[in-house]
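Here the structure comes first, spelled out in structure tokens, and everything after it is commentary.
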Amino acid sequence: MARPTTSSMATARAKPAARRNVLPGRLSPGMACDTAFRIIARRHLDAVLAQHDGTCHGDPEALHQIRIALTHLRTAIRFFSPMVDDALRPNVWAELKWLNSQLGMVRDLDVAIERVIAESGGELDVIAELQHWDEKRAESHRLLARALQSARYRRLVEQTSAWIESGPWSTRRSKEAIRLRRCPLADHATAQLTEWETTLLRKARKLRKLDVEKRHKLRLLNKRLTYSIESLEDLFADESLTKQKSILKQLRKAQKSLGQLNDDARGQTLAASLNEAVPEAGIRFLNRKRQKKLLRTASNAYRKLDKAKPFRSSDLAPNAEPED
């Protein structure tokens, strides 16, 4: 486990770039997309940094929260594409993807260990199996803590923050670049949410026929739409807030089921690495009855989502006057 002093030093050095722009505290429908992107991206980068020390010290909940914040940040970058698609974006994206991969292995092990404990019933053979899982988790966490205290992580924070604030995307002078930056948030959000929801529902109709990899991609589409709607929470009020909550309810139901299916698949893969020590480790992650139930829950959620009316611009701009 990482030493507190080292972690604190790493956090002190990994600071966001100086913020030149004073931004509003909340999103608004007529807000320009460049301002909205900075507000949303700042929130999620700050959330990543807030969980750094806890993750370094082995707190599973901090690890879970830092992954959520990182996924929110990556989703925001996708959401405001092509506005932010400049020469630096591929490098920023690659580094965020690297960080996600560092976090992912330990989180997958945490989920697998929770599953083993839940099904153990105190059996001695399972207790012995847990020792092997814990050893693998401890080694993975050592590697993660090292990554979070590295110069690469510090550069990632500084470069990502600087890019959000004043990357090339923010100063391009072409008519299209200016149009994308000035586009009202409600207009862009309506178009993007509609496109992503249409794609998600089209692919979800084939859910029961999808293999593990394609089902994982569907889950990522679901998460992308869910996180985007959550990030736009400031824009919903009154009736549109009720609609937003209803849509999120179905998306989260599907997300939970698809997430559990993905956890089972990852658990089988991780268990395979324990086969020499624990030959039966993968069996607990194979349950056809559970799989059918989870697929049915997700399918029902998508069916209800498909019946709901899609988002319109008026949902994101309730009782709002256009902004200058």
Side-chain angles (χ1 to χ4, degrees), residues 25-29 31 33 36-37 39-44 46-48 51 61 64-81 107 111 185-205 207 210 215-263 293-320:
R26 291 173 58 85
L27 302 172
S28 60
M31 176 179 285
C33 279
F37 171 68
I39 291 174
I40 294 171
R42 278 184 184 181
R43 286 176 180 173
H44 300 316
D46 287 348
V48 169
Q51 301 299 333
E61 182 58 25
H64 182 47
Q65 292 303 320
I66 199 173
R67 286 198 76 204
I68 289 175
L70 182 60
T71 304
H72 266 292
L73 176 57
R74 296 173 73 202
T75 298
I77 293 172
R78 286 184 182 275
F79 190 79
F80 287 97
S81 174
R107 177 59 185 169
V111 172
L185 176 58
D187 292 349
H188 173 72
T190 302
Q192 192 66 279
L193 293 177
T194 299
E195 178 184 337
W196 284 3
E197 183 179 12
T198 300
T199 301
L200 175 66
L201 291 175
R202 185 179 72 248
K203 293 182 179 296
R205 294 185 188 106
L207 174 57
L210 300 181
R215 198 166 61 213
H216 174 60
K217 290 180 178 179
L218 178 68
R219 172 176 161 269
L220 294 181
L221 286 172
N222 192 112
K223 185 179 289 188
R224 191 182 304 169
L225 181 60
T226 302
Y227 283 9
S228 295
I229 295 172
E230 289 176 348
S231 290
L232 297 170
E233 184 178 12
D234 293 347
L235 304 186
F236 297 96
D238 304 327
E239 291 183 9
S240 65
L241 181 60
T242 302
K243 180 176 180 177
Q244 179 229 22
K245 288 182 177 179
S246 176
I247 288 175
L248 281 176
K249 180 180 179 180
Q250 301 309 324
L251 285 170
R252 287 168 179 160
K253 276 186 179 180
Q255 185 70 35
K256 183 177 180 180
S257 293
L258 294 176
Q260 290 174 334
L261 288 166
N262 186 65
D263 290 342
K293 181 180 179 181
L294 292 172
L295 285 172
R296 183 168 60 250
T297 299
S299 295
N300 289 339
Y302 285 131
R303 197 155 35 245
K304 291 178 181 179
L305 182 63
D306 202 11
K307 292 180 180 179
K309 293 181 180 179
F311 283 116
R312 294 174 297 181
S313 185
S314 59
D315 293 321
L316 301 174
N319 306 317

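Residue numbers count from 1 along this sequence.
- Remark: K243 NZ is packed, more than 12 non-hydrogen atoms of other residues, nucleotides or ligands lying under 6.0 Å away.
- Rounding to the nearest 0.5 Å places OG of S240 at 11.0 Å from NZ of K245.
- Within a 6.0 Å sphere centred on CD of E233, heavy atoms belonging to other residues, nucleotides or ligands number 12 at most.
- Taking the side chain as every heavy atom from C-beta outward, Q244 and L232 never approach each other to under 4.5 Å.
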Any chance you could lay out the salt bridge (charged side-chain N to carboxylate O under 4.0 Å, His left out) test for D315 and K309, step after step, and finish with the verdict? CA-CA 11 Å; D315 293 321; K309 293 181 180 179; over 6 Å; no

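- Under the ring pair (Phe, Tyr, Trp, His ring centres under 6.0 Å) criterion, H188 pairs with F79, F80, not counting sequence neighbours.
- Counting heavy atoms from C-beta outward, I66 and L70 have side chains that stay 4.5 Å or more apart.
- At a threshold of 4.5 Å between non-hydrogen side-chain atoms, the residues Q51 and I68 do not count as touching.
- Residues R26 and I39 approach most closely at O-CD1, 4.1 Å, considering heavy atoms.
- The main-chain N or O of L258 is never found under 3.5 Å from a side-chain atom of N262 such that the two would form a donor-acceptor pair.
- Between the CD1 atom of I247 and the OG1 atom of T242 there is a distance of 11.0 Å, given to the nearest 0.5 Å.
- K249 is listed as a side-chain neighbour of K253, based on a closest heavy-atom distance under 4.5 Å.
- Between the side chains of H44 and S231, a donor-acceptor pair is found at a separation under 3.5 Å.
- Looking at heavy atoms from C-beta onward, K223 lies out of side-chain contact with T75 at the 4.5 angstrom threshold.
- A 4.5 Å side-chain heavy-atom check between P29 and L316 finds every atom pair outside the cut-off.
- Within the 3.5 Å criterion, the main-chain N or O of L251 finds a donor-acceptor partner in the side chain of N222.
- F37 places a side-chain heavy atom less than 4.5 Å from the side chain of I77.
- Judged purely by atom type and a 3.5 angstrom limit, S257 has no side-chain atom pairing as donor or acceptor with the backbone of A254.
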